Amino acid sequence: MDNSQILLATVLLPLFGAILMGPCARAGDQVARGVALLVTCVTLYFASMVIHRFPADGGTGQAFAVFDYAWFVGADVAMAPAPRIQFNIGLDGLSVWLFGLSALLMVSAVLISWTAIRDRVGLFYGMLLLLESGCLGVFVARDILLFYVFFEFTLIPLFFLVGIWGSEDRRYAAMKFFLFTLAGSVLTFLGILALVLWDQHHSGTGQMRFMIDELTTGLRAHPLPPGLQSLVFLALFAGFAIKVPLFPLHTWLPLAHVQAPTAGSVILAGVLLKIGTYGFVRFSIPMLPDASRTFSPWMLWLAAIGIIYGALVALVQSDIKRLIAYSSVSHLGFCMLGLFAFNRPGVQGGTLQMINHGLSTGGLFAIVGLIYERYHTREIRDLSGLARRLPRLACCMLLFTFSSIGLPGLNGFAGEFLILLGIFQRAYSESAFAYQGQMLAIAVLSVSGVVLGAWYMLWLVQRLFFGPLREPAQHEPTQHDAAAGVRDLSPREFLALAPLLVFVIWIGLQPGFFLNRMGPTLSRLTDAARAPSPVVRFQNDPTMVRFASGQVSTRE
Amino acid sequence: MFAIEKLILWIPALPLLAALITALLGPKFLRSTCHIPAIIGIGASFLFSLLLLTEVRREQDAAPPGGFERIVTVWNWANLNDAYEHAEAAQPPRAVPLRIDVVMRIDALTSMMLCMVTSVATLVAVFAAGYMHGDRGYWRFFSYVSLFVFSMTMLVSVSNFALLFVFWEAVGVCSYLLIGFWYEKPEAAAAGKKAFLVNRVGDFGFALALFLIWTTYGTLDFHDSQSVDSIASNATAVAADDSLIAASVANPGTSGVLGKARIASGGYVGGAVGFVICALLLLGACGKSAQFPLHVWLPDAMEGPTPVSALIHAATMVTAGVYMVARCTPLFMASPDAQVLVSCVGGLTALLAGLIALTQWDLKRVLAYSTVSQLGFMFLGLGTGSLAGITAAMFHLFTHAFFKAVLFLGAGSVMHAMGNVIDMRRFGGLRRIMPITYGTFLIGSLALAGVPPLAGFWSKDAVLGAVHDKLHLYEQQIELRHAQGGGAADATTDPARAGIGGLETLTDGQLVCGIQAYGWLYYAATLTAFLTAFYTLRALLLTFHGTERVPHEAHGHAHESPASMTFPLMVLAAAACIAGLFFDQTYNASLPSGQRHSFAAFLASAPQLAAGAVGKTPALDSFHLSVAATSVLVSLAGIGLAMYLYLGDTREVRVLTSLFNLDGVVQSLDVRRVFRWRWVAALDRMARRAGLGLVATVTGYLLGAVLIVVSAPLLVAMYVSPYRLSQRKFYFDELYDWGIVRPLRGFSRLLASADRWLIDSLVNFVGAVPPAIGAVCRRMQTGLVPFYALAMLLAMLLLLASQL
């Protein structure tokens with residue numbers, strides 16, 4: 001098979017798997033689980049095949065493995081060329097790792113739900129596979145309407161996952177999540193329509209173009225006037241910022257995370273939040289570069305506030321899942337910070353951080369799920385000293401924690417380092433003089449977020465895993481002896497976490513491998529928004545001195 | 001003989017290998033033999049370090065004048081093209097790639113640090129094999145220790161700021177894991193977290209410094225990435241021309257921040273930016289090296305196993321800050337204010353920690369504060385910014401590693417025998433039970449106290465001498481200026497010279513300020529030397545002398561430790577005796593290179609110390625007899641006082657304690673006593689007899705009120721008496737707890753409730769608007785035709801009215 005066919009197969013396979021779940025469910029729960037695992041594994045294999053063939057230096061930054069199919073072609077009416085909406089998919093540097101991450105996390109999600117889900121198993125895995133198809137599709141779509149279809153398509157399976165298999169308050173959480181996101185994405189749709197129509201009127205041909213690349217080129221050639229550009233930016237912002245979620249639009253996230261089943265949380269944190277940041281890089285920044293630049297101080301402030309705010313609120317949570325949910329707000333703030341720094345370190349770091357967050361937070365949610373499965377509680381105060389009972393689990397938790405707090409040698413550091421370097425560079429030498437003060441404030445604030453991040457995560461680890469062993473008394477009649485029922489990681493659970501850990505370490509040791517593949521695309525997408533020319537510092541700065549041999553003036 | 005490029009890779013690789021082997025095979029197969037891979041790995045790495053040292057010594061003689069260094073690139077970590085449009089003075093902006101390689105360097109500083117780290121680590125690993133025997137986390141311990149040795153050896157041998165930061169944090173994590181090694185003890189877990197967080201605050205500064213270096217210099221490498229010779233020749237050619245900034249600056253990205261070319265041409269930024277970079281680097285160093293105000297984590301870190309305290313929290317990791325500042329010497333030379341700051345932080349910390357150590361009862365904490373204090377000495381030396389001071393600081397680092405390790409391991413040996421009791425009030429007179437431990441501890445104590453000819457004397461004296469010299473240099477300079485009469489004007493008016501490290505370029509204000517600072521610091525350091533001698537001997541005498549007391553936790557069989565523990569003690573004690581002999585202060589650049597074999601001369605072949613501003617500072621050219629005599633007298637006084645107080649009767653100690661606790665003052669100002677005086681009572685009775693009862697009562701109350709107001713400050717003094725201040729560690733923990741941690745937690749709570757009640761309610765409010773509109777509209781759908789007709793009519797009327 002050639003690359004584009006494999007890519008197509010990767011996207012469609014989970015869809016067929018989901019349909020297959022119907023008969024499988026009748027054959028028994030175990031069959032449904034097995035088939036779901038098989039489907040996700042094969043999908044992962046296909047995905048890794050395409051990624052393996054992706055050019056190692058990122059090529060020219062153009063899409064790779066393009067599959068094109070004219071999906072909707074209207075008839076020409078009254079001299080106007082018909083709109084042409086295509087089922088056009090392909091990978092480029094921005095999407096390649098997000099695509100791989102989605103395929104990888106889904107395998108973990110299936111393994112993690114193996115025993116946790118006992119009710120309507122077939123339907124559950126069907127929903128999960130539908131979600132996978134949507135997630136993979138959203139990153140490979142090269143047509144703006146196709147993107148929007150996948151974008152909305154991811155909502156529905158997750159709505160059911162939360163609403164059916166969630167915890168106590170699941171209905172409310174599912175509804176809130178759904179409506180909140182939908183409200184934003186409707187505005188995004190309006191923004192997209194505005195872009196397409198503007199392009200149609202100014203391209204000269206009267207052709208309605210939906211291909212993202214063509215649209216971007218067209219909008220660069222005939223940019224929107226500043227006022228309209230800002231308006232459209234805000235419309236797109238509504239959908240993407242809610243998805244990210246950017247402070248103060250984040251309140252659906254802790255609720256949804258707490259109520260969602262483990263697999264739902266893993267996918268939500270690992271993949272779905274990234275669609276928001278992906279949207280900013282794919283649409284807002286390249287298509288509306290001037291508005292992006294205008295709004296960038298605002299975006300950076302929101303990101304920096306989100307970093308600090310998320311960390312501080314996480315510090316006082318009593319529920320493990322809420323804590324990690326707020327940590328997501330903080331981490332996604334880092335992503336946004338990097339992306340809106342517009343320079344190379346910032347954008348590449350921000351994109352890498354999307355992957356990092358998916359791995360580390362996905363892993364953390366999986367571990368919380370494993371703890372919940374064992375003790376049926378998510379309250380931090382109910383648990384203590386688990387490292388004695390669950391040493392292997394504690395070891396994994398520690399690694400994911402270190403990854404999450406940006407410990408060098410693991411993936412989080414590579415992302416955060418580049419982001420902070422980027423924002424500092426932006427603040428110190430690339431922004432206009434008027435902005436420099438507040439940019440520096442943003443940079444310093446966000447660096448201090450790293451300290452706070454270590455605080456709440458290490459506090460969590462200390463409370464859960466260290467100290468004297470304390471486990472909640474279990475009241476369920478099915479488990480007679482609470483202590484005997486609690487076991488360390490089983491091989492299945494370990495297999496769910498191990499692939500994530502491999503990447504956590506790999507990205508930490510050799511981020512260049514990952515960065516090289518996305519560099520060219522990211523430069524292509526964000527260079528237009530980059531400040532036209534850097535402010536020259538030290539131009540006449542007398543402090544630039546030297547004390548070479550013989551250069552020191554001797555006093556007369 | 002050996003390719004040093006290979007050696008430098010094997011030195012960290014072997015401990016890493018040992019860590020992996022122990023982690024993978026430890027729990028299942030190795031079990032109680034987990035120490036073997038660690039000892040072999042670290043030991044071999046020590047041998048390789050020695051080889052490296054001799055090779056460096058051999059090669060440095062043939063090195064070009066810029067100093068000796070060798071660079072080994074291992075792999076590319078990340079590479080971003082055109083990351084930065086770098087703008088330099090008089091140059092158009094140019095695109096600079098952000099290229100971070102995993103790259104190691106070989107020079108004198110690195111090889112000396114490697115020898116120190118691996119030698120102490122080997123001995124500690126041997127010691128731990130006995131000390132940790134039977135612990136259920138045996139494999140975990142050796143795995144962590146090997147990992148630490150890997151990180152530490154990498155830390156001192158990488159050649160890039162980003163990687164320095166990487167391993168800076170990596171050693172922090174090993175420290176976190178090892179402090180919390182007995183994680184079931186809540187104090188241990190809390191201490192680990194505290195250490196990590198306080199270090200993170202330091203790392204915050206380090207990270208900002210790193211970003212500032214990147215935006216200022218356009219590279220993070222220490223070394224020049226071009227061929228060194230071509231840049232150097234280029235640089236000297238350009239340096240002669242005053243109109244251009246040197247070649248190193250003209251090629252951002254190719255000449256490293258601490259590279260030979262930049263050092264030769266002096267392309268460093270001074271002024272505010274230079275100062276901020278140095279101050280932030282110093283903040284990072286303060287975190288790792290436990291300097292004021294970030295010193296609070298180190299004493300708590302003593303919750304970890306004692307071999308860890310010896311290795312990480314006394315000898316190696318805490319000296320990373322000193323190493324870093326020494327490595328960044330050229331940056332600090334560009335900012336004399338920052339150097340004064342370094343010295344002040346060091347001197348203040350040394351004094352503060354010395355004062356706290358006086359009254360602690362926990363043997364390990366005395367040693368911990370002593371470590372903080374000695375690290376302060378090193379910073380004091382670094383801050384002098386002269387070759388003499390920096391090499392003295394590094395020499396103190398070197399000798400301190402040995403005698404502090406022997407003290408900690410001795411404390412561990414005591415703990416081992418006493419059933420993990422470490423409170424000095426609960427044991428005593430152990431010299432007969434543990435003769436070897438006693439002997440080695442004695443040598444360590446005397447070395448720490450600065451008794452000649454043990455190691456501590458030489459290095460401490462070198463630091464004091466360097467401060468002394470610096471002071472005199474400044475005084476001479478200011479006298480010279482007075483003699484010339486107001487000639488300082490051009491130095492102040494020419495800001496281009498303000499940032500240069502040379503003496504002539506300092507303003508008068510800076511000189512006066514420096515004289516004040518270094519003068520006070522010299523006295524503070526001398527006082528600290530006295531305190532050091534006192535508290536060290538106090539610990540020694542309380543533990544090993546006096547009546548023999550053994551706590552019941554020892555279960556009646558207190559004994560000398562096994563050979564695996566006493567052997568490292570003896571080796572380290574021997575090192576503490578002879579390490580001073582390496583120091584020959586004469587550094588005379590005019591000597592032929594083959595004859596410069598003193599410690600200082602060896603270190604001075606590292607490029608950062610060899611050339612540029614620091615290379616031209618005067619080195620100590622003679623042994624300061626006056627300084628040495630003072631320090632010996634002071635330390636003998638301290639030893640004498642301790643022996644007088646703690647040998648034999650303890651009554652004097654109690655008297656002194658109550659004196660410093662201001663007991664007498666407090667008692668004499670107890671206001672209630674006034675009313676017990678006989679003549680007051682008599683006066684009162686007389687007044688009441690005379691029918692003036694009311695007057696007497698009111699007078700009494702007034703008198704009482706006045707007395708309370710008068711004595712209120714002294715009541716406060718009761719809580720902050722000198723003794724209490726020392727005992728409670730100057731209340732730093734409480735200060736941070738109430739000043740930072742609790743307010744921040746309170747604020748977080750506020751935010752969390754705002755998140756739930758304010759932001760979320762706003763969202764819900766927005767969500768409630770459409771249903772509300774719907775509810776209003778629903779009312780109108782009554783289905784009654786007359787209602788619709790009426791509405792139609794009214795609306796038409798309204799329209800008509802609006803048209804009129």
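In the text below, chain A, chain B and the rest are named by the order of the sequence lines, each starting its count at 1. Keep in mind it's a predicted model, so treat the numbers as computed, not measured.
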**Student:** Sort A:Arg322 into side chain, backbone, both or neither according to what part of it lies under 4.5 angstrom from a heavy atom of chain B.
**Tutor:** side chain

**Student:** I'd like to check A:Arg388 versus B:Arg136 (side-chain heavy atoms, cut-off strictly below 4.5 Å). Are they in contact?
**Tutor:** yes

**Student:** Give the member of A:Ser523, A:Gly519, A:Ser384, A:Pro468 that has the highest number of heavy-atom pairs under 4.5 Å with chain B.
**Tutor:** A:Pro468

**Student:** Find out whether A:Trp455 and B:Val741 are in side-chain contact, i.e. whether some heavy atom of one side chain is under 4.5 Å from a heavy atom of the other.
**Tutor:** yes

**Student:** Going by the rule side-chain hydrogen bond (donor to acceptor under 3.5 Å, both in side chains), which residues pair with A:Asp57 if we only count those two or more places apart in sequence or in a different chain?
**Tutor:** none

**Student:** What part of B:Ile100 lies closer than 4.5 angstrom to a heavy atom of chain A: side chain, backbone, both or neither?
**Tutor:** side chain

**Student:** Does any backbone or side-chain atom of B:Phe165 lie under 4.5 Å from a heavy atom of chain A? Answer side chain, backbone, both or neither.
**Tutor:** both

**Student:** Can you find a pair of side-chain heavy atoms, one from A:Leu469 and one from B:Glu184, that are under 4.5 Å apart?
**Tutor:** no

**Student:** Mind ranking B:Ala170, B:Gly172, B:Ala752, B:Ala189 by heavy-atom pairs under 4.5 Å with chain A and telling me who comes out on top?
**Tutor:** B:Ala189

**Student:** Counting only heavy atoms closer than 4.5 Å, note whether B:Leu220 contacts chain A via side chain, backbone, both or neither.
**Tutor:** side chain

**Student:** Run the side chain to side chain contact (heavy atoms under 4.5 Å, CB included) check on B:Ile759 and A:Phe247 step by step: do they pass?
**Tutor:** CA-CA 10 Å; B:Ile759 298 182; A:Phe247 174 86; 3.8 Å; yes

**Student:** A:Val461 versus chain B, heavy atoms under 4.5 Å apart: side chain, backbone, both or neither?
**Tutor:** side chain

**Student:** Check each atom of B:Leu177 against the heavy atoms of chain A and say whether the ones under 4.5 Å are side chain, backbone, both or neither.
**Tutor:** side chain

**Student:** Under 4.5 Å heavy-atom distance to chain B, tell me which part of A:Leu255 shows up: side chain, backbone, both or neither.
**Tutor:** neither

**Student:** Who among A:Pro248, A:Ala387, A:Ala183 has the most heavy-atom pairs with chain B under 4.5 Å?
**Tutor:** A:Ala387

**Student:** Based on non-hydrogen pairs under 4.5 Å, which of A:Phe180, A:Phe514, A:Phe413, A:Trp252 is most in contact with chain B?
**Tutor:** A:Phe413

**Student:** Atom CZ of residue position B:Arg756 - does it have more than 12 heavy atoms of other residues, nucleotides or ligands inside 6.0 Å?
**Tutor:** no

**Student:** Does anything in residues 196-204 of chain B get under 4.5 Å of chain A by heavy atoms, and if so which residues?
**Tutor:** B:Phe196, B:Leu197, B:Arg200, B:Val201, B:Phe204

**Student:** Any side-chain heavy atom of A:His250 within less than 4.5 Å of one from B:Asp755?
**Tutor:** yes

**Student:** Under a 4.5 Å heavy-atom cutoff, which of B:Leu750, B:Asn764, B:Leu163 has the most pairs with chain A?
**Tutor:** B:Asn764

**Student:** Check each atom of A:Trp459 against the heavy atoms of chain B and say whether the ones under 4.5 Å are side chain, backbone, both or neither.
**Tutor:** both

**Student:** With the side chain counted from C-beta on, respond yes when A:Lys176 and B:Asp760 share a heavy-atom pair under 4.5 Å apart, and no when they do not.
**Tutor:** yes

**Student:** Contact part of A:Gln510 toward chain B, heavy-atom cut-off under 4.5 Å: side chain, backbone, both or neither?
**Tutor:** both

**Student:** At a heavy-atom distance under 4.5 Å, which candidate from A:Val444, A:Leu398, A:Leu418 has the highest pair count against chain B?
**Tutor:** A:Val444

**Student:** Report which part of B:Ala190 has an atom under 4.5 Å of a heavy atom belonging to chain A: side chain, backbone, both, or neither.
**Tutor:** both

**Student:** Indicate the ring-plane relationship of B:Trp77 and A:Phe417, choosing parallel, tilted or perpendicular according to the 30° and 60° boundaries.
**Tutor:** perpendicular

**Student:** Identify which part of A:Leu179 has an atom lying under 4.5 Å from any heavy atom of chain B, answering side chain, backbone, both or neither.
**Tutor:** neither

**Student:** Shorter than 4.5 Å, heavy atoms on both sides: which option in A:Leu315, A:Leu458, A:Leu421, A:Val451 has the most such pairs with chain B?
**Tutor:** A:Leu421

**Student:** So does A:Phe513 have more than 12 non-hydrogen atoms from other groups sitting under 6.0 Å from CZ?
**Tutor:** yes

**Student:** Can you tell me how far the CD atom of B:Glu169 sits from the CD1 atom of A:Ile405, to the nearest 0.5 Å?
**Tutor:** 7.5 Å

**Student:** Where on A:Ala414 is there a heavy atom nearer than 4.5 Å to chain B: the side chain, the backbone, both, or neither?
**Tutor:** both

**Student:** I'd like to verify something: which residue of A:Leu407, A:Ile423, A:Asn516, A:Leu515 has the highest number of heavy-atom pairs under 4.5 Å with chain B?
**Tutor:** A:Leu407

**Student:** What option among B:Phe747, B:Trp182, B:Trp168, B:Tyr176 has the most heavy-atom pairs under 4.5 Å with chain A?
**Tutor:** B:Tyr176

**Student:** I'd like to check B:Leu744 versus A:Leu452 (side-chain heavy atoms, cut-off strictly below 4.5 Å). Are they in contact?
**Tutor:** yes

